[in-house]
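For reference, the structure discussed in these notes is given below.
All ligand and atom numbering here is 1-based and tracks the order in the structure.
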Amino acid sequence: MHSFDMKQRTVICGAGIAGIATAYYLSVTLGRKNIVLIDKLLPMSLTTSKSGENYRDYWPQACMADLSGHSISLMEKLIQLHGDVFDMRESGYQFVSRFLGEDIFSEADRKTDSAIKYCKDQSIIRQQHAYLSESIRQLVTISRAGAIDVYALGTLLLREARAAGVILMQAEVTGLSSPAENMFEVNFHASHCLAPMPCEQLVLCAGPFNQALAKWLDVDLPLISIPQRKFVIPDPLGIIATDMPFTICADPITLNWNEEETQMLSADPTYRWLLEELPPGLHIKPESKDHIKLGWAFNRHAEQPEWEIPDDIEFPDIVIRGASHFIPGLRPYVDVMPTPLVQFSGYYTRTEENLPLIGPLEIPGLYTVAGLSGFGTMTGCAAGELCALHMEHEELPSYARHFHPDRYTDAEIMLEINASNSDGQL
Ligand SMILES: Cc1cc2nc3c(=O)[nH]c(=O)nc-3n(C[C@H](O)[C@H](O)[C@H](O)COP(=O)(O)OP(=O)(O)OC[C@H]3O[C@@H](n4cnc5c(N)ncnc54)[C@H](O)[C@@H]3O)c2cc1C
């Protein structure tokens, strides 16, 4: 049992990758003491455990490229210090398209130093990537990209933070108030302690529930939460090689249906959308020696976040159908889906422009790391570090302005944000 008094002045709500990274950079790197990290669940068991665990330094927005590029460097630094305990693999990303007319990444969107390589020679693509459809005419490779084990990364950061004095507490935060300047009270529900906990710094890292927590303090965070999914299946036919990079279809896809299916779908208003063009971004990668992982963030409907998201039984069928458009070897799996199938459902909690909110909110002492959307694994370290730098009034990196929660009042930043053609979501 812990006793809490006024000395415990920094409370971080949420032990997903955002809260854990913030706790790490505050305590280990910047030496802050008296930090309590609270989560209702086991660390990283909400959105963080649903991640596809991919990273890349290419983004259409320069600020996002800088944030993820720096986060990758921070992860490399952790490996230098502790060894490769989170299995960082630079396996690359490749975007493929059937079209030659426009570059997959338009000139206007190429604002980053990321090393990208184009191949527009169909015969070379055929020769080097025989599993791809013959219709693929353009392929772009991002080399500073790959996958990590985010649970192992978070475990490392949490272990080091706890060694530096951070207290991890399992409890549900049930209310927040600010009875005096620079003072907050955190109400929580735990079996062993029910008194409100006072603190002078409060950090909201509650993933899909950040908005709800901020509301208790009359702060409005411009976030929406959209359910997205991935799934893992066996690959009994060995269609996907274990060294295939994370492969993304850059084209929109209209699914193939036979005549009978088309008639059924068009007669049913709930499913008619499956006859329409679905957005680009379907992705697939080898998950282990004989398993593959697929995802497609085509859902655009925001929902009120819930703690449990039911599986979507249609999702795997839709995705495998789409994937067979650019990897035809997967077609047999449209007829007979390999099992066991494991689905991962979580929210992309995001701002409209898909940039995160990191830093101080309008009440002094209140901070957030929010809106990590589909990029919290790859940017988690840099996002936590940025919040910690704000809290300790350290020198801030150039991208801090773009992610500042009050950026909406900054005309120059908003002009730049509004000029971007793509929000980079995958
Ligand atoms: C299907 C899917 C695939 C993804 N793939 C990738 C990918 O390939 N690469 C990538 O970079 N990112 C990916 N992401 C995004 C990434 O997973 C998230 O951005 C990241 O996990 C968000 O972390 P978080 O700490 O902000 O939120 P969470 O992990 O949700 O953590 C928030 C924590 O706050 C706690 N909490 C909330 N309310 C309370 C309360 N009242 N009291 C106590 N505790 C509370 C929760 O229990 C939770 O543990 C993916 C996301 C999804 C859904």
Side-chain angles (χ1 to χ4, degrees), residues 11-23 36-57 59 64 67-68 71-72 75 93 145-148 150-151 153-154 157 168-176 186-190 203-216 223 225-232 246 248 281 283 285 293-297 299 305-309 312 315 343-350 354 356-358 368-384 387 424-426:
V11 171
I12 302 174
C13 298
I17 193 65
I20 289 175
T22 304
V36 181
L37 177 61
I38 305 184
D39 204 301
K40 171 179 159 156
L41 306 174
L42 291 174
M44 294 175 285
S45 59
L46 195 64
T47 321
T48 300
S49 62
K50 315 303 181 315
S51 173
E53 309 190 299
N54 307 295
Y55 70 85
R56 65 183 188 277
D57 74 343
W59 280 85
M64 281 301 294
L67 184 76
S68 56
S71 216
I72 296 168
M75 290 191 279
Y93 270 40
I148 61 163
V150 70
Y151 188 79
L153 169 66
L157 296 176
L168 174 68
M169 184 180 155
Q170 188 164 12
E172 178 174 3
V173 175
T174 52
L176 299 169
V186 181
N187 287 285
F188 54 91
H189 192 70
V203 196
L204 307 182
C205 295
F209 297 104
N210 271 320
Q211 227 173 6
L213 265 64
K215 258 202 187 110
W216 282 323
L223 296 168
S225 289
I226 304 179
Q228 302 294 0
R229 297 177 161 86
K230 313 230 162 178
F231 63 95
V232 174
F246 184 58
I248 304 111
H283 43 264
K285 70 171 183 181
K293 190 183 241 182
L294 299 99
W296 194 2
N299 185 17
E306 300 283 347
W307 287 92
E308 299 278 346
I309 307 179
D312 177 346
F315 182 74
Q343 195 172 136
F344 301 86
S345 306
Y347 295 103
Y348 279 14
T349 298
R350 49 169 290 171
N354 207 25
L357 303 170
I358 306 168
T368 195
V369 181
L372 294 184
S373 187
F375 48 74
T377 295
M378 67 183 95
T379 60
C381 286
C387 188
Q425 177 174 295
L426 277 186

I'd like to know if the side chain of T47 and the backbone of G346 have a donor-acceptor N/O pair within less than 3.5 Å. no

Pairwise side-chain contact, K40 with F209, heavy-atom cut-off 4.5 Å (strictly under): no

Give the numbers and elements of all ligand 1 atoms closer than 4.0 Å to a heavy atom of P208. 30 (O)

Part of C13 with heavy atoms under 4.0 Å of ligand 1, whether side chain, backbone, both or neither: neither

What do we get for L213 next to ligand 1 when only non-hydrogen atoms under 4.0 Å count, side chain, backbone, both or neither? side chain

ring-ring contact (aromatic ring centres under 6.0 Å, His included) with F246: which residues, sequence neighbours excluded? Y93, H283

Ignoring hydrogens and geometry beyond distance, is a side-chain donor-acceptor pair present between S225 and T349 at under 3.5 Å? yes

Enter the distance from I12:CD1 to C387:SG here, rounded to the nearest 0.5 Å. 7.5 Å

Got the closest protein heavy atom to atom 15 (C) of ligand 1, with its distance? S373 O, 3.0 Å

Take atom CZ of F344 as the centre, draw a 6.0 Å sphere, and report whether it contains more than 12 heavy atoms from other residues, nucleotides or ligands. yes

Distance to 0.1 Å, residue and atom name: give those for the protein heavy atom nearest to atom 33 (C) of ligand 1. D39 OD2, 3.3 Å

Which atoms of ligand 1 have any heavy atom of L372 under 4.0 Å away? 19 (O), 26 (O)

Of the protein's non-hydrogen atoms, which lies at the shortest distance from atom 34 (O) of ligand 1, and what is that distance? G14 CA, 3.2 Å

Of all the heavy atoms in A171, does at least one lie under 4.0 Å from an atom in ligand 1? yes

Pick from G16, A370, G52: the one approaching atom 5 (N) of ligand 1 most closely through a non-hydrogen atom: G52

Counting only heavy atoms closer than 4.0 Å, does ligand 1 sit against the backbone of W307, its side chain, both, or neither? side chain

Atom 11 (O) of ligand 1: closest protein heavy atom, distance to 0.1 Å, is M378 N, 2.7 Å

Is there a donor-acceptor pair closer than 3.5 Å between any side-chain N or O of K285 and the backbone N or O of N54? no

Taking Q228 for the side chain and N299 for the main chain, is one N or O donor matched with an acceptor at less than 3.5 Å? yes

Return the residue, atom name and 0.1 Å-rounded distance of the protein heavy atom closest to atom 25 (O) of ligand 1. A18 N, 3.0 Å

Criterion ring-ring contact (aromatic ring centres under 6.0 Å, His included) on F315 and W296, from CA distance to verdict: CA-CA 9 Å; F315 182 74; W296 194 2; 8.2 Å; no

At what distance is the nearest protein heavy atom to atom 3 (C) of ligand 1, and which residue and atom is it? K230 CE, 3.1 Å

Separation between CZ (R229) and CG (L294), nearest 0.5 Å, reads 15.0 Å

For atom 6 (C) of ligand 1, the protein heavy atom that lies nearest, with its residue and separation: S51 OG, 3.1 Å

Answer with side chain, backbone, both or neither: which part of A212 has a heavy atom less than 4.0 angstrom from an atom of ligand 1? neither

Is a side-chain donor or acceptor of K50 paired with a backbone partner of S45 at a separation under 3.5 angstrom? yes

Quick one: OG1 on T48 to OH on Y151, what's the gap to the nearest 0.5 Å? 11.0 Å

List ligand 1 atoms under 4.0 Å from K40, heavy atoms only on the residue side. 43 (C), 44 (N)

Quick one: does ligand 1 sit under 4.0 Å from the side chain of E53, the backbone, both or neither, non-hydrogen atoms only? backbone

What's the shortest distance from atom 9 (N) of ligand 1 to any protein heavy atom, and which residue and atom give it? N54 O, 2.9 Å

For ligand 1, is there an atom lying under 4.0 Å from some heavy atom of F375? yes

Taking heavy atoms and a distance under 4.0 Å, where does Y348 meet ligand 1: side chain, backbone, both or neither? side chain

